[in-house]
Amino acid sequence: MAMTSALRDVFDRPVLQVAPTLLGQIIEHETPEGLVAIRLTEVEAYDGPNDPGSHAYRGRTNRNAVMFGPPGFVYVYFTYGMHWCMNLVCGPDGHPSAVLLRAGEVIEGVELARSRRPAARTFRDLARGPARLVQALDVGKECNGLDACDPASPLRFRPARPVPRSRIRRGPRVGLANGAERPWRFWVDGDPTVSIYRPHTPKRRRSGESVSHE
DNA sequence: CCATTGATCGTCT
DNA sequence: GACGATCAATGGT
């Protein structure tokens with residue numbers, strides 16, 4: 001079937017163009033428990049083969065396969081042994097780029113989101129961070145490969161008024177060992193739900209563990 | 001507010 | 001075998 005729709009056109013452009021326009025727009029997940037909707041306040045762009053910070057930098061693997069498909073689909077990955085994060089695939093079919101959804105404001109289903117985020121002390125912490133956002137939505141690996149542009153998909157993109165360019169800031173990406181300096185993180189200036197910046201910290205070896213040759 | 005640290009396992013080399 | 005596109009708890013200022 002032809003993969004065309006006005007909604008998909010939002011994502012079928014270079015990822016650096018798409019990323020800032022997603023701010024202010026909405027991602028929502030409908031489950032048997034109910035609906036949670038989040039207005040995006042922070043995202044990061046990852047540009048496949050040219051980007052040492054991207055999961056697609058070293059080519060296609062089983063994990064990143066969705067990134068190599070058509071735009072508007074959901075790429076979910078597992079990290080740090082315990083967290084899930086979600087992206088929306090951008091660019092033309094075959095170009096592995098995507099936008100990581102880093103933070104947002106819960107605008108529907110606040111009580112449900114709270115029940116899924118017992119550690120969140122405040123409203124603003126419900127989706128303040130990529131793994132937190134995914135937890136508030138109850139997204140996991142079963143959502144990998146879903147079409148966010150299909151109105152029948154449980155996990156879908158809902159267009160809304162984008163944030164004006166004048167209120168958008170950009171800066172280095174978070175938590176990357178390589179490519180962090182590229183200013184491909186975009187956020188809504190002054191929004192309390194934007195995540196706290198943490199630079200990459202290499203993993204420390206526990207004392208007593210051997211150090212390889214050197 | 002800030003800095004530090006442990007948790008935990010899929011993925012790739 | 002090493003390392004994460006992270007978070008929460010803790011303790012200090």
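The sequence lines fix the lettering, A, B, ..., with proteins before strands; numbering per chain opens at 1. The basis for the numbers below is simple: all heavy atoms, side chains too, and nothing from hydrogens, waters or symmetry mates. These numbers come from a predicted model, not from an experiment.
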*Strictly below 4.0 Å, heavy-atom distances to any atom of DNA chain B: list the hits from residues 77-101 of chain A, or just say none.*
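Only F78(A), Y80(A), G81(A), M82(A) qualify.
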If a pair satisfies ring pair (Phe, Tyr, Trp, His ring centres under 6.0 Å) and one of its residues is in [range], list it, with sequence neighbours excluded.
range	value
residues 133-155 of chain A	none
residues 7-31 of chain A	F11(A)-F157(A)
residues 103-126 of chain A	none

*In the hydrophobic clustering (ILVMFWY, side-chain contacts below 4.5 Å, transitive), which residues join Y57(A), or is it alone?*
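Members other than Y57(A) - counting any ILVMFWY side chain reachable under 4.5 Å - there are none.
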*In the hydrophobic clustering that connects Ile, Leu, Val, Met, Phe, Trp and Tyr at side-chain heavy-atom distances below 4.5 Å, which members other than I26(A) occupy its cluster, ordered by chain and number?*
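Hydrophobic cluster check, I26(A): joined to I107(A).
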*Reading DNA chain B 5' to 3', how would its secondary structure be written in dot-bracket notation, given Watson-Crick and G-U pairs with both distances under 3.5 Å, brackets [ ] for crossing pairs and | for partners on other strands?*
|||||||.||||.
Report all interatomic pairs (protein N or O, nucleotide N or O of nucleotides 11-13 of chain C) with separations under 3.5 Å.
none

*Neighbour count above 12 (heavy atom, 6.0 Å) for R58(A) CZ*: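 12 or below, so no.
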_Once you apply a heavy-atom cut-off of 4.0 Å, does R132(A) come out as touching a base, just sugar-phosphate, or nothing?_
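Answer is sugar-phosphate: R132(A) comes under 4.0 Å of backbone atoms only.
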*Could you list by number each residue of residues 108-131 of chain A showing a heavy-atom separation from DNA chain C of less than 4.0 Å, or answer none if no residue does?*
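Heavy-atom cutoff 4.0 Å gives R117(A), A119(A), G129(A), P130(A), A131(A).
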*Non-neighbouring partners of A19(A) that pass side chain to side chain contact (heavy atoms under 4.5 Å, CB included), sequence neighbours left out*: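 With sequence neighbours excluded, A19(A) shows a side chain to side chain contact (heavy atoms under 4.5 Å, CB included) to V43(A), A45(A), V99(A), F186(A), given in chain and number order.
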_Salt-bridge criterion met for D147(A) and R8(A) (N-O under 4.0 Å)_ =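 Here D147(A) pairs with R8(A) in a salt bridge, since their nearest N and O are under 4.0 Å apart.
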*asked:* In this structure, how many angstroms lie between the C1' atom of dA5(C) and the CZ atom of F186(A), rounded?
replied: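 It works out to 15 Å between those atoms.
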*R58(A) CZ to dC3(C) C1', straight-line distance once rounded to whole Å*: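 Those two atoms, CZ and C1', are 12 Å apart.
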Show me the donor-acceptor pairs, under 3.5 Å and distance only, between side chains in residues 70-94 of chain A and residues at least two apart or in other chains.
from: Y75(A); atom 1: OH; to: H55(A); atom 2: ND1; distance (Å): 2.8
from: N87(A); atom 1: OD1; to: L100(A); atom 2: N; distance (Å): 3.4
from: N87(A); atom 1: ND2; to: Y75(A); atom 2: O; distance (Å): 3.4

*Spacing of CZ belonging to R128(A) relative to OG1 belonging to T122(A), to within rounding of 0.5 Å*: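 The OG1 atom of T122(A) is 7.5 Å from CZ of R128(A), to the nearest 0.5 Å.
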_side chain to side chain contact (heavy atoms under 4.5 Å, CB included) between R173(A) and Y46(A), worked out_ = CA-CA 10 Å; R173(A) 293 179 292 182; Y46(A) 288 86; 3.2 Å; yes
*asked:* So, using side chain to side chain donor-acceptor pair (under 3.5 Å) as the criterion, who are the partners of S115(A) when residues are at least two apart?
replied: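 Partners of S115(A) by the side chain to side chain donor-acceptor pair (under 3.5 Å) criterion come out as none, since no residue qualifies.
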